[in-house]
Number of protein chains: 2
Amino acid sequence: MALDEIDKKILRLLQEDAHYTLKDIANKINLSLTPVHDRVKRLEKDGIIEKYVTLLDKKKLGNNLTVYCQVTLTKQTYDTSEGFNQSILNLPEVVECNYVSGNFDYMLKIIIPDMESYHHFHQKKLSILPEVSLINTVFVISEVKSTTVLPI
Amino acid sequence: MALDEIDKKILRLLQEDAHYTLKDIANKINLSLTPVHDRVKRLEKDGIIEKYVTLLDKKKLGNNLTVYCQVTLTKQTYDTSEGFNQSILNLPEVVECNYVSGNFDYMLKIIIPDMESYHHFHQKKLSILPEVSLINTVFVISEVKSTTVLPI
DNA sequence: CTCAAAACAGAATATTTTTCTGTAAAAATA
DNA sequence: TATTTTTACAGAAAAATATTCTGTTTTGAG
């Protein structure tokens with residue numbers, strides 16, 4: 001499962017654009033179609049390549065507000081955590097949720113149309129959860145960087 | 001540029017899997033190839049579809065540590081912000097950077113191999129920036145949710 | 001109503017992916 | 001060292017997919 005330099009070049013290209021054709025990639029790294037095809041299939045099979053997705057413009061879809069929620073739970077028990085996790089998975093506005101160290105328990109990232117939607121989300125969907133004790137909201141004023149590209 | 005229900009269905013499918021074929025999509029929404037093709041092209045042209053990317057398994061690539069950095073700048077001026085922004089764009093470990101409201105100025109998300117790498121990043125790449133005054137690190141203990149899918 | 005534009009279906013074409021065949025290099029085994 | 005096996009690759013054929021073309025139906029504006 002060790003990656004050689006050719007694998008890495010393929011991964012770098014595919015991270016940028018999942019619609020590069022095998023021929024595109026083959027040309028860029030000076031190989032024929034066969035090894036490129038075989039390597040991509042292997043990377044998929046090994047799970048290095050997780051999936052191919054389409055990224056949409058959140059603002060053009062009307063989502064003009066991004067916020068981080070720092071959530072503290074009522075208790076630190078396993079059941080409390082699991083209950084909270086399950087609820088979060090069903091909330092489509094929550095695009096990231098991580099259990100973290102520090103002065104609070106969870107860091108969430110929320111993408112939502114506007115402040116009114118956030119008010120509703122906060123009051124009717126998040127603070128309403130029985131496991132939630134405290135929510136501290138950090139509003140995003142301006143996005144500087146957002147990438148799915150991992151350094152390879 | 002208004003999206004009808006068919007556009008939304010297409011976008012929902014493509015967000016899930018950028019490798020669905022036009023036929024796949026056409027079948028799922030009971031249309032022929034032509035309208036699906038035309039609509040996808042239009043959504044690309046209008047920028048609703050931003051790009052197609054490949055998501056990789058960060059752990060299999062050796063990135064076992066995720067952290068949030070809460071950064072405070074030395075000054076709140078435009079030049080200071082811009083200088084910091086530019087520096088961040090050149091740091092591949094930083095996958096998210098947002099200017100935020102609250103007790104600190106920026107929220108960063110860092111994906112990195114391990115604690116030693118983070119130590120190096122913190123000391124040699126981040127705290128070294130002339131605009132940076134304070135860094136508070138929040139370590140991710142466990143990832144609950146991480147998606148590129150926006151609610152439509 | 002009438003006309004123009006938009007949305008769609010089906011077929012033809014072009015491109016891409018996948019499979020197949022074979023060769024050369026590298027690694028493993030005797 | 002010689003032999004075998006495996007791996008990586010090239011090129012071509014086949015299959016699948018995307019793109020283009022032609023024409024019909026529907027929709028909306030005047």
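Here is the naming used below: chain letters follow the sequence lines, and residue numbers restart at 1 for every chain. Source: prediction; values computed, not measured.
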Handout entry: Distance in angstrom units between A:D4 CG and D:dA8 C1', rounded
Key = 10 Å
Handout entry: Nonpolar side-chain network containing B:Y78, other nodes, edges under 4.5 Å
Key = none
Handout entry: Touch class at under 4.0 angstrom, heavy-atom based, for B:I6 against every strand present
Key = sugar-phosphate
Handout entry: More than 12 heavy atoms from other groups under 6.0 Å of NZ on B:K145
Key = yes
Fill in the blank from the handout: Note: A:E131 and A:T80 closest approach over all heavy atoms is CG-O, 3.3 Å
Handout entry: More than 12 heavy atoms from other groups under 6.0 Å of CD on A:E116
Key = no
Fill in the blank from the handout: Scanning both residues in full, the closest heavy-atom pair of B:L55 with A:T148 reads CD2-CB, 3.8 Å
Practice task
Check the distance between C:dT16's P and A:Y52's OH and give it to me in whole angstrom.
Solution key: 16 Å
Problem - Electrostatic pair B:E143-B:K59, nearest N-O below 4.0 angstrom - result: no
Problem - Side-chain hydrophobic cluster, 4.5 Å single linkage: members besides A:M107 - result: A:Y68, A:V100, A:F104, A:V138, A:V140, B:Y68, B:V100, B:F104, B:M107, B:V138, B:V140
Practice task
Decide yes or no on side-chain contact (heavy atoms from CB on, under 4.5 Å) for A:I29 and A:V36, but give the supporting numbers first.
Solution key: CA-CA 9 Å; A:I29 65 177; A:V36 175; 4.2 Å; yes
Could you list all N or O pairs between the protein and nucleotides 15-19 of chain D that sit under 3.5 Å apart?
{"from": "D:dA18", "atom 1": "OP2", "to": "B:L22", "atom 2": "N", "distance (Å)": "2.8"}
{"from": "D:dT19", "atom 1": "OP2", "to": "B:H37", "atom 2": "NE2", "distance (Å)": "3.3"}

Handout entry: Interatomic distance where CZ belongs to A:R39 and C1' belongs to D:dA10 [whole Å]
Key = 14 Å
Exercise for the section: Measure the angle between the two terminal helix axes of the helix from C:dC1-D:dG30 to C:dA30-D:dT1, five base pairs each, and quote it to 10°. Expected result: 40°
Problem - Atom of B:S32, atom of B:P35 and distance for their closest heavy-atom approach - result: OG-CD, 3.0 Å
Exercise for the section: Check the distance between D:dT6's C1' and A:D38's CG and give it to me in whole angstrom. Expected result: 14 Å
Practice task
Compare side-chain N and O positions of A:R42 against OP1 and OP2 of D:dA8 and report whether any pair is under 4.0 Å apart.
Solution key: no
Problem - Rounded interatomic separation in angstrom, taking CG from B:N30 and P from C:dG10 - result: 12 Å
Problem - Parallel, tilted or perpendicular, as decided by the 30° and 60° cut-offs, for the rings of A:Y106 and A:Y99 - result: tilted
Practice task
For each nucleotide in nucleotides 22-28 of chain D, reading 5' to 3', give B when a protein heavy atom comes within less than 4.0 Å of its base, S when such contact involves only the sugar-phosphate, and - otherwise.
Solution key: -------
Practice task
With sequence neighbours left out, write down each residue that passes side chain to side chain donor-acceptor pair (under 3.5 Å) with A:K60, or none if nothing qualifies.
Solution key: none
